[in-house]
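For reference, the structure discussed in these notes is given below.
Worth knowing before you read on, the calculation uses all heavy atoms, side chains too, and leaves out hydrogens, waters and symmetry mates. Note that this is a predicted model, so its numbers are computed, not measured. For the single chain, residues carry numbers from 1 onward in sequence order.
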Amino acid sequence: MSLTFYTNPNSRGRIVQWMLEEVGCTYDTILLDYERSSTADRWGGAAFARPNDASSQRGRFFTEVNPMGKVPAIVHDGRVITESAAIVAYLAETFPSAGLAPTSDERADYYRWMFFAAGPLEQAVTNHRAGFVPAPEQEFFFGYGSYERTVNELERAVRSKPFIAGNRFTAADVYVGSHIGWGLGLKTLPKRDAFLEYLGRITQRDGFRRAAAKSETAAAA
């Protein structure tokens, strides 16, 4: 079994790093650097620096793994998986012994809220951060309608049960919880008690702590 993880510590790759630590599989990590606009620019812009050597591991990322130049991505036994939610769901199903895939009773909420976070929540928060507010007559053709309604629905979801799909931690908590953690950290989500309490429950896990330590080490390098 081979699994290669392409990421940058200041990216959504942190979501997948957490999931990889939760499932406990062995993996290799390839770090990609953002292009820098100046020597003082620690994180760089939106684009990744393309290596001159297309045959290197980093170079192959842009030709064989994700020509869009987006992370995270994984290559598992020759199969490429991109998009954070897809990777999280794939790992849960591929490593069933970790117990993070949904049971039949959990499946509806598991998929509902994971893809709510991947779709409406992602759109609402990124537009909000960019300062774009749809006019009321535009809301019907946006997948989230309005930022306020989206945030209220997220609060309802995390308040209704101990975990997003029921009474135990699943892969959907990795994905939804990561969005909440980023949102609170970047102040793109309001600091509501329900979000803080939910995040406090899920970030006590050893998998989260291992992933956070690896990401911080990589960011400091």
*Quick one: does R14's side chain have a donor or acceptor within less than 3.5 Å of a partner on P9's backbone?*
yes
*asked:* Between T126 (side chain only) and Q123 (backbone N and O only), is there a donor and an acceptor less than 3.5 Å apart?
replied: yes
*Taking side chain to side chain donor-acceptor pair (under 3.5 Å) as the test, write out the residues that go with R50, two or more places apart.*
none
_N152: which residues meet the side chain to side chain donor-acceptor pair (under 3.5 Å) condition with it, sequence neighbours left out?_
R192
_Atom of V88, atom of A171 and distance for their closest heavy-atom approach_ = CG1-O, 3.5 Å
*Locate the shortest heavy-atom distance separating I164 from A172; write the atom from each residue and the value.*
CG2-CB, 3.5 Å
*Interatomic distance, L196 atom CG to I180 atom CD1 [nearest 0.5 angstrom]*: 9.5 Å
*For atom CE of M1, decide whether the heavy atoms of other residues, nucleotides or ligands shown that lie under 6.0 angstrom number more than 12.*
yes
Quick test of your reading: applying ring pair (Phe, Tyr, Trp, His ring centres under 6.0 Å), list the pairs with at least one residue in [range], sequence neighbours left out, ordered by first then second residue.
range: residues 58-105; value: Y6-F61, H76-Y90, H76-F95
range: residues 185-221; value: W18-F208
range: residues 146-173; value: H128-Y147

Pair listing, salt bridge (charged side-chain N to carboxylate O under 4.0 Å, His left out) test, anchored in [range], at least two apart:
range: residues 195-204; result: none
range: residues 123-148; result: E139-R149
range: residues 168-181; result: E106-R168
range: residues 68-97; result: K70-E83

*asked:* Filter on side-chain hydrogen bond (donor to acceptor under 3.5 Å, both in side chains), then keep only pairs touching residues 56-66, sequence neighbours left out; what's left?
replied: none
*Any side-chain heavy atom of I202 within less than 4.5 Å of one from V174?*
no
*Between R209 and Q204, is any side-chain donor less than 3.5 angstrom from a side-chain acceptor?*
yes
*With sequence neighbours left out, write down each residue that passes side chain to side chain contact (heavy atoms under 4.5 Å, CB included) with A117, or none if nothing qualifies.*
L121, Y175, V176, H179
*Report the residues that fulfil side chain to side chain contact (heavy atoms under 4.5 Å, CB included) with F142, sequence neighbours left out, ordered by chain and then residue number.*
N127, F132, P134, Q138, Y144
*State which residue, out of T26, L3, T29, T7, fulfils the side-chain contact (heavy atoms from CB on, under 4.5 Å) condition with L20.*
L3
*Classify the ring geometry between Y111 and F115 as parallel (under 30°), tilted (30 to 60°) or perpendicular (over 60°).*
parallel
*Does the salt bridge (Lys or Arg N to Asp or Glu O under 4.0 Å) test come out yes or no for D109 and K161, once each step is laid out?*
CA-CA 10 Å; D109 282 337; K161 299 182 180 72; 2.9 Å; yes
_So that I can tick it off, tell me whether E21 and R205 are bridged by a salt bridge, with the cut-off set at under 4.0 angstrom between side-chain N and carboxylate O._
no
